[in-house]
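Notes follow once the structure below has been shown.
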Amino acid sequence: NKPNYSVLDTDKVITDEAKKLINKYEIPIKKIKETTITKDIVLKYINNKPKKKNIIEGNQNSVLIVGSSFHGATAFDFLEESQIHKPIAFINYGDHFDQDKFMDLNVYSINDLSEIFKKGTKKIYINTNDIKLTKDIAFKAEKIGYQLINIIHPSAVISKTSNFGKCVFIGPNSIIGTNTKIGSFSKLLNKASLAHDSVLGENVQVSDGAVIAGNVIIGNNCLIGINSGVINNCKIEDNVTVISGKIVTKNLKNNTIYNE
């Protein structure tokens with residue numbers, strides 16, 4: 001459906017959805033440079049506007065979590081259990097801009113990254129539901145000086161010969177075998193396993209209970225469903241989805257949805 005537009009006395013054109021956000025958050029129209037204002041433009045403006053609250057003091061163990069939602073809450077729990085790093089605050093990249101607290105911690109905007117870094121927090125974990133946004137935030141964070149950390153549940157069994165990228169997430173009771181490689185922004189969830197000499201690309205999710213056998217190669221942006229499996233020596237290319245409960249017994253090309 002095409003959005004409904006209104007013409008304002010400022011010679012700007014605005015959609016009805018954008019107007020609702022502008023009214024809700026009391027945004028001065030003149031602050032938005034665009035002449036045609038959509039909901040996405042307003043969300044971008046709000047997201048880049050620093051929050052008016054004190055920045056909390058951090059230390060060498062402090063971690064900033066990007067994402068104040070379900071996965072952010074899980075990341076918070078795992079950090080608390082591991083006791084290696086201490087979650088100090090959240091960054092909200094979504095459209096709930098009136099959210100001040102999450103898991104009893106302050107919620108800031110992306111535009112607060114520099115000030116939080118200056119206050120002593122040097123580590124960050126990033127995982128949004130949009131890989132392009134995740135990489136954009138990661139680029140900005142590393143440019144500021146943040147270290148991108150991995151989050152690993154203390155019950156996971158991980159070979160010392162495995163190799164991880166950045167912002168990798170490993171769930172409870174998962175098993176990572178010898179000579180394995182896991183790309184940045186990838187996740188192995190509860191009781192998932194990755195056997196010897198297998199490789200995961202970037203932004204791969206191996207869901208709860210899924211089993212990846214040895215010498216498997218999985219490309220970027222793939223989803224391996226709950227309780228599914230991939231037998232040894234298979235090669236899965238990019239942007240592939242394996243439906244929950246299915247067993248992959250052959251190579252899969254780009255953009256495949258496997259449901260056999």
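Along the sequence shown, residues are numbered consecutively beginning with 1. Keep in mind the model is a prediction, meaning the values are calculated, not measured.
In this structure, Asp77 and Met103 approach most closely via the heavy-atom pair OD1-CE, 4.0 Å. Closest heavy-atom contact between Thr74 and Phe169: CG2-CZ, 3.6 Å. Nearest heavy-atom pair across Asn220 and Glu202 is OD1-N, 2.7 Å. In terms of heavy atoms, Gly214 sits closest to Ala195 at N-CB, 3.4 Å. Contact detail for Leu189 and Ser174: the closest heavy-atom pair is O-CB, 4.0 Å. Minimum interatomic distance between Ile243 and Ser228 (heavy atoms only, all atoms of both residues): O-CB, 3.9 Å.
One distance of note links CG of Leu79 with CG of Asn61; it measures 11.0 Å at 0.5 Å rounding. Note that the OG atom of Ser114 and the NZ atom of Lys140 stand 6.5 Å from one another [nearest 0.5 Å]. In this structure, CG on Asn179 lies 5.0 Å from CG on Asp197, to the nearest 0.5 angstrom. Atom CG of Asn92 sits about 13.0 Å away from atom CD1 of Ile65, to the nearest 0.5 Å. Atom CD1 of Ile124 sits about 7.5 Å away from atom SG of Cys167, to the nearest 0.5 Å. Once rounded to the nearest 0.5 Å, the distance linking CG of Asn150 with CD1 of Ile170 reads 7.5 Å.
Hydrophobic clustering of Ile, Leu, Val, Met, Phe, Trp and Tyr side chains at less than 4.5 Å, counting indirect connections, unites Ile110 with Ile116. Following chains of ILVMFWY side-chain contacts shorter than 4.5 Å, one can reach Ile55 starting from Ile144, so the two form part of one hydrophobic cluster. Cluster annotation: Ile175 is not connected to Ile152 through the hydrophobic network of ILVMFWY side chains, with a link wherever side-chain heavy atoms come within less than 4.5 Å. Criterion: ILVMFWY side-chain heavy atoms under 4.5 Å apart, direct or through other members. Under it, Ile236 and Val204 are part of a common hydrophobic cluster.
Side chain of Glu237 to main chain of Lys253: no donor-acceptor pair is present (N/O by atom type, distance under 3.5 Å, no hydrogens or angles). Looking only at distances, no side-chain donor or acceptor of Ser184 sits under 3.5 Å from a matching main-chain atom of Gly165. In terms of modelled atom types and a separation under 3.5 Å, the side chain of Thr256 and the main chain of Tyr258 share no donor-acceptor contact. Judged by distance alone, with hydrogens and angles left aside, the side-chain atoms of Ser198 form a donor-acceptor pair with the main-chain N or O of Ala213 at under 3.5 Å. A donor-acceptor pair under 3.5 Å is formed between the side chain of Tyr146 and the backbone N or O of Leu113. Looking at Asn251, its side chain does come within 3.5 Å of a backbone N or O of Lys235 through a donor-acceptor pair. A donor-acceptor pair is defined here as one N or O able to donate and one able to accept, closer than 3.5 Å; such a pair exists between the side chain of Ser186 and the backbone of Asn203. A donor-acceptor contact shorter than 3.5 Å is absent between the side chain of Asn173 and the backbone of Lys191. Within the 3.5 Å criterion, the main-chain N or O of Gly72 finds no donor-acceptor partner in the side chain of Ser69. Panel note: side chain Ser62, backbone Thr121; no donor-acceptor pair is recorded below 3.5 Å.
No side-chain heavy atom of Val240 sits less than 4.5 Å from a side-chain heavy atom of Asn254. Residues Ile14 and Ile22 form a side-chain contact, since some pair of their non-hydrogen atoms from C-beta on lies under 4.5 Å apart. Counting heavy atoms from C-beta on, the side chains of Leu188 and Ile182 come closer than 4.5 Å. Looking at Ile176 and Phe164, their side chains come closer than 4.5 Å, going by heavy atoms from C-beta outward. The shortest side-chain heavy-atom distance between Val206 and Leu200 falls under the 4.5 Å cut-off. Between Ile212 and Ile224 there is a side-chain heavy-atom pair separated by less than 4.5 Å. Between Ile37 and Val42 the shortest side-chain heavy-atom distance falls below 4.5 Å. Contact check for Tyr108 versus Ile56: side-chain heavy atoms found under the 4.5 Å cut-off.
Residue-environment remark: NZ (Lys122) exceeds the threshold of 12 foreign heavy atoms within 6.0 Å. Atom CD1 of Ile247 is surrounded by more than 12 heavy atoms from other residues, nucleotides or ligands within 6.0 Å.
Counted by atom type alone, Gln205 and Ser207 present one or more donor-acceptor pairs between their side chains at under 3.5 Å. Side chains of Lys101 and Asn106: a donor on one and an acceptor on the other come within 3.5 Å. Checking Asn215 against Asn232 by side-chain atom types alone, no donor-acceptor pair falls below 3.5 Å. In the model, Thr161 has no side-chain atom that pairs as donor or acceptor with a side-chain atom of Thr178 under 3.5 Å.
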Residues Phe76, Phe102; criterion side chain to side chain contact (heavy atoms under 4.5 Å, CB included); working and verdict = CA-CA 10 Å; Phe76 172 90; Phe102 186 68; over 6 Å; no
request  = Take Leu252 and Lys250 through the test side chain to side chain contact (heavy atoms under 4.5 Å, CB included) and record every step on the way to the result.
outcome  = CA-CA 6 Å; Leu252 299 178; Lys250 61 184 180 181; 4.3 Å; yes
ask   = Between His85 and Lys123, does a side chain to side chain contact (heavy atoms under 4.5 Å, CB included) hold up when you go through it step by step?
value = CA-CA 9 Å; His85 300 108; Lys123 298 180 177 69; 3.5 Å; yes
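Geometric assessment of Lys135 against the ring of Phe185 yields a negative cation-pi assignment under the 6.0 Å and 45° thresholds.
In summary, Asp16 and Lys20 do not engage in a salt bridge, as defined by a charged side-chain N under 4.0 Å from a carboxylate O. Between Lys118 and Glu115 a salt bridge is recorded (basic side-chain N to carboxylate O distance below 4.0 Å). Comment: Lys12 does not engage Glu34 in a salt bridge, judged by the lack of any side-chain N to carboxylate O separation of less than 4.0 angstrom.
Below 30°, between 30° and 60°, or above 60°: for His71 and Tyr125 the angle between ring planes is between 30° and 60°, a tilted geometry.
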